[in-house]
Novice: 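Got a structure here, written out as structure tokens. Questions coming.
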Amino acid sequence: QVQLVESGGGSVQTGGSLRLSCVVSGYTITSMCMGWFRQVSEKEREGVATVVPGGTAFYAVSVKDRFRISRNTAENTVFLQMNNLNPEDTAMYYCAAAESCLGWHLPGQLLARAVAYWGQGTQVTVSS
């Protein structure tokens with residue numbers, strides 16, 4: 001059974017940093033596409049950052065140069081380091097995974113239906 005468990009959300013002020021973690025069980029993270037989505041209220045979930053099995057990372061334009069996705073294969077964990085946060089980054093953040101990597105190189109255009117597995121989400125709030 002595949003499980004994704006996020007942690008690391010919280011409240012910070014503008015310019016602050018947070019590091020999200022996604023502990024994965026049931027499969028090896030290097031065998032699938034992994035990524036992070038975020039969702040504000042009833043809006044659609046939007047892709048933020050992805051990493052494909054070979055290790056290449058991709059970012060949405062809105063977070064490029066501020067966020068960094070990484071993997072720890074020994075811990076089977078995916079991270080999202082978020083720097084220089086601003087109020088527009090406030091959202092529920094979800095860890096995501098899929099066996100098919102079609103479209104995962106463009107996280108800003110990746111649809112939620114391309115995701116096979118979701119975590120429960122972790123809230124990030126950035127105040128001005």
Side-chain angles (χ1 to χ4, degrees):
Q1 183 178 357
V2 176
Q3 283 192 318
L4 290 69
V5 180
E6 303 102 329
S7 62
S11 297
V12 296
Q13 292 188 325
T14 297
S17 298
L18 284 172
R19 187 192 195 206
L20 307 183
S21 300
C22 174
V23 179
V24 180
S25 59
Y27 69 89
T28 303
I29 59 174
T30 53
S31 66
M32 303 179 78
C33 271
M34 300 293 305
W36 291 90
F37 279 67
R38 65 187 181 187
Q39 185 174 24
V40 178
S41 298
E42 301 302 316
K43 293 184 179 180
E44 280 192 41
R45 290 185 187 185
E46 61 168 350
V48 172
T50 57
V51 57
V52 298
T56 303
F58 302 93
Y59 300 92
V61 171
S62 59
V63 306
K64 191 174 173 58
D65 298 328
R66 299 189 298 123
F67 290 12
R68 180 174 179 270
I69 188 171
S70 61
R71 306 179 301 187
N72 183 319
T73 56
E75 297 179 355
N76 216 41
T77 301
V78 179
F79 302 98
L80 184 68
Q81 177 67 43
M82 306 185 294
N83 299 322
N84 195 20
L85 286 160
N86 60 63
E88 288 69 41
D89 296 315
T90 295
M92 184 71 80
Y93 283 72
Y94 296 90
C95 184
E99 293 93 343
S100 171
C101 295
L102 184 64
W104 282 65
H105 63 293
L106 294 170
Q109 300 177 31
L110 192 60
L111 299 178
R113 64 171 181 256
V115 176
Y117 307 101
W118 292 101
Q120 83 285 358
T122 185
Q123 178 67 37
V124 171
T125 302
V126 185
S127 59
S128 57

Novice: Is it the case that the side chain of Gln39 and the backbone of Ala91 share a donor-acceptor pair, with hydrogens and angles ignored and the cut-off at 3.5 Å?
Specialist: no
Novice: With sequence neighbours excluded, tell me which residues meet side-chain hydrogen bond (donor to acceptor under 3.5 Å, both in side chains) with Asn72.
Specialist: none
Novice: On a heavy-atom basis, which atom in Met34 and which in Cys95 lie closest, and how many Å separate them?
Specialist: CE-SG, 3.9 Å
Novice: How far apart are the C-alpha atoms of Met32 and Tyr117, what are their side-chain angles, what is the distance that settles it, and do they pass the side chain to side chain contact (heavy atoms under 4.5 Å, CB included) test?
Specialist: CA-CA 11 Å; Met32 303 179 78; Tyr117 307 101; 3.4 Å; yes
Novice: If you define the side chain from C-beta out and look only at heavy atoms, does anything of Glu6 sit under 4.5 Å from Tyr93?
Specialist: no
Novice: Quick one: salt bridge (charged side-chain N to carboxylate O under 4.0 Å, His left out) partners of Arg66, sequence neighbours excluded?
Specialist: Asp89
Novice: For Glu46, enumerate each residue passing the salt bridge (charged side-chain N to carboxylate O under 4.0 Å, His left out) test, keeping only those at least two apart in sequence or located in another chain.
Specialist: Arg38
Novice: Taking only distance into account, with no hydrogens and no angle test, what donor-acceptor pairs under 3.5 Å do side-chain atoms of residues 8-25 form with protein atoms, sequence neighbours excluded?
Specialist:
| from | atom 1 | to | atom 2 | distance (Å) |
| --- | --- | --- | --- | --- |
| Thr14 | OG1 | Ser127 | O | 3.0 |
| Ser17 | OG | Asn83 | OD1 | 3.0 |

Novice: Under the salt bridge (Lys or Arg N to Asp or Glu O under 4.0 Å) rule, what pairs show up with a residue in residues 104-116, not counting sequence neighbours?
Specialist: none
Novice: Hey, does the side chain of Asn86 reach the backbone of Val126 with a donor-acceptor pair shorter than 3.5 angstrom?
Specialist: no
Novice: Within the 4.5 Å heavy-atom criterion, are Pro53 and Thr30 side-chain neighbours or not?
Specialist: no
Novice: Measure across Ala60 and Gly47 and return the closest heavy-atom pair with its distance rounded to 0.1 Å.
Specialist: CB-O, 3.6 Å
Novice: Are Ile29 and Thr77 close enough that some pair of their side-chain heavy atoms sits under 4.5 Å apart?
Specialist: no
Novice: Drop me the distance from Ile69's CD1 to Thr56's OG1, to the nearest 0.5 angstrom.
Specialist: 11.5 Å
Novice: What distance do Leu110 atom CG and Leu102 atom CG have between them, rounded to the nearest 0.5 Å?
Specialist: 9.0 Å
Novice: Measure across Thr50 and Pro107 and return the closest heavy-atom pair with its distance rounded to 0.1 Å.
Specialist: CG2-CB, 3.8 Å
Novice: Keeping to residues at least two apart or across chains, list the ring-ring contact (aromatic ring centres under 6.0 Å, His included) pairs with something in residues 37-77.
Specialist: Phe37-Trp118
Novice: Quick one: do Thr90 and Val40 satisfy side chain to side chain contact (heavy atoms under 4.5 Å, CB included)? Show the steps, please.
Specialist: CA-CA 7 Å; Thr90 295; Val40 178; over 6 Å; no
Novice: In sequence, state the C-alpha distance, the side-chain angles, and the governing distance for Arg68 and Gln81, and then conclude on side-chain hydrogen bond (donor to acceptor under 3.5 Å, both in side chains).
Specialist: CA-CA 5 Å; Arg68 180 174 179 270; Gln81 177 67 43; over 6 Å; no
